[in-house]
Student: 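Once you've had a glance at the structure underneath, I'll fire off some questions.
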Amino acid sequence: MTTDVIAIDGPAASGKSTVAAGLAERLRIPYINTGSMYRAITLAAMRRGVSAANCTEAALAPVLERLQLDYVRNDAGHFVLRMDGHETDAALRSAEVAALVSPVAALPNVRAWLRERQRALAAAGRLVMEGRDIGTEIFPDARFKFFLTATPEERARRRLAQSGENFDGATLESVAAAIAERDRIDSTRTVAPLRPAADAVLVDSTGLEVDEVVNLLARKVME
Ligand code: DC
């Protein structure tokens, strides 16, 4: 049996979110950004005093117990993430959240909590889901799987240019270093590490415009 999910995975700042949103729009189906879910848990944990020094399963357990994360459809038909009933905001894109999210995402209880919720979302029908382990762990039977990459330099340039992410005083070098550190933690963790599924289509987006990548994926889906 295949699941009617289009899985898009890849490292930080590989253009996944923009491409996933563009593809979903093109196909007129919903789009779920699972990185936002990890970021929301991280923000909730930070608000309860969790930092790099005490980022453990035990510290996260009470956070998960109380946190309510839902994707609800807005008037435009898009799924928007709500954290304890409120729409999530720019705080999820802060440098502080970005610095703590990979250690939080490496915790088995955090991943199990989200796995259940992400799988339940597919019950809503066909959708594009983007993250690090969608094609490998969440939906190993997804109908389409893509793994997006770009060179580290291109990814750092894109991240710096991204208006939503606020890196005060950041340089290309410091952004590249932060991205490399996140990739290192994401791909070496024990549970569901970042890696392409054996049957994923690998797409290197270096030097390509967003539209070109969306076209490429849309062609594969329509074929
Ligand atoms: O895509 P993003 O940069 O918003 O993701 C933030 C972090 O969340 C990323 O460093 C690793 C984690 N993540 C994950 O482990 N698994 C996913 N499916 C999505 C994100």
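Just follow the structure's listing: the first ligand is 1, and inside any ligand the first atom is 1. Values below: every heavy atom of this structure, side chains too, minus hydrogens, waters and symmetry copies. Just so it is clear, the structure is predicted and the values come from calculations on it, not from any experiment. When a residue number appears, it is its place in the shown sequence, counting from 1.
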Student: So, regarding Ser102 and ligand 1 (criterion: nitrogen or oxygen to nitrogen or oxygen, under 3.5 Å), is there a contact or not?
Tutor: yes
Student: For ligand 1, which is the ligand I care about here, please tell me if Ser36 has any N or O atom under 3.5 Å from one of the ligand's N or O atoms.
Tutor: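 Looking only at distances, the answer is no, because the N/O contact criterion of under 3.5 Å is not met.
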Student: Could you measure the distance from the CD atom of Glu209 to the CG atom of Asn215? Nearest 0.5 Å is fine.
Tutor: 11.5 Å
Student: Test of understanding: given a 4.0 Å heavy-atom threshold, classify the contact between Met37 and ligand 1 as side chain, backbone, both, or neither.
Tutor: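 The answer is neither.
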Student: On the six-membered ring of Trp113, is Arg115 placed so that its NZ or CZ lies under 6.0 angstrom from the centre and within 45° of the ring axis?
Tutor: no
Student: What atoms of ligand 1 come within less than 4.0 Å of a heavy atom belonging to Asp186?
Tutor: 9 (C), 10 (O), 11 (C)
Student: May I ask whether Gln118 has any heavy atom positioned less than 4.0 angstrom from an atom of ligand 1?
Tutor: no
Student: How far is atom 5 (O) of ligand 1 from its nearest protein heavy atom, and which residue and atom name does that atom have?
Tutor: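 I find the closest protein heavy atom is Arg132 NH2, 3.4 Å.
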Student: Strictly distance-based, threshold 3.5 Å: is any side-chain N or O of Thr206 a donor or acceptor partner for the main-chain N or O of Thr151?
Tutor: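 Between the backbone of Thr151 and the side chain of Thr206 there is a qualifying donor-acceptor contact (under 3.5 Å).
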Student: Distance to 0.1 Å, residue and atom name: give those for the protein heavy atom nearest to atom 6 (C) of ligand 1.
Tutor: Arg182 NH1, 3.4 Å
Student: Is Arg111 reaching over with its side chain to a backbone N or O of Ala105, donor-acceptor style, under 3.5 angstrom?
Tutor: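 Side chain of Arg111 to backbone of Ala105: a pair is present.
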Student: CE of Met83 to CG of Leu67: how many Å apart, nearest 0.5 Å?
Tutor: 5.5 Å
Student: Return the closest protein heavy atom for atom 19 (C) of ligand 1 as residue, atom name and distance.
Tutor: Thr34 OG1, 3.4 Å
Student: Heavy-atom distances under 4.0 Å are what count here, so tell me which part of Arg115 touches ligand 1: side chain, backbone, both or neither.
Tutor: neither
Student: Does ligand 1 come near enough to Asn33 that some N or O of the ligand is less than 3.5 Å from an N or O of the residue?
Tutor: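 For ligand 1, there is no N or O atom that lies under 3.5 Å from one belonging to Asn33.
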Student: Which residue supplies the protein heavy atom nearest to atom 4 (O) of ligand 1, what is that atom called, and how far is it?
Tutor: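 Atom 4 (O) of ligand 1 sits closest to the protein heavy atom Arg39 NE, 2.7 Å.
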Student: What's the shortest heavy-atom distance between Ala40 and Leu81, and which atoms?
Tutor: CB-CD2, 4.2 Å
Student: Starting from atom 16 (N) of ligand 1, which protein heavy atom do you reach first, and at what distance in Å?
Tutor: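 The protein heavy atom lying closest is Arg111 NH2, 3.0 Å.
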Student: Can you tell me if Asp9 uses its side chain to pair, donor with acceptor, with the backbone of Asp133 under 3.5 Å?
Tutor: yes
Student: Specify the protein heavy atom at minimum distance from atom 12 (C) of ligand 1: its residue, its atom name, and the distance to 0.1 Å.
Tutor: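 Answer for atom 12 (C) of ligand 1: Ala105 CB, 3.7 Å.
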Student: Report yes if the side chains of Val97 and Met46 come closer than 4.5 Å at any heavy-atom pair, otherwise no.
Tutor: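 Heavy-atom side-chain distance check passes, below 4.5 Å.
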Student: Report yes or no: do Arg39 and Thr34 form a side-chain donor-acceptor pair below 3.5 Å?
Tutor: no
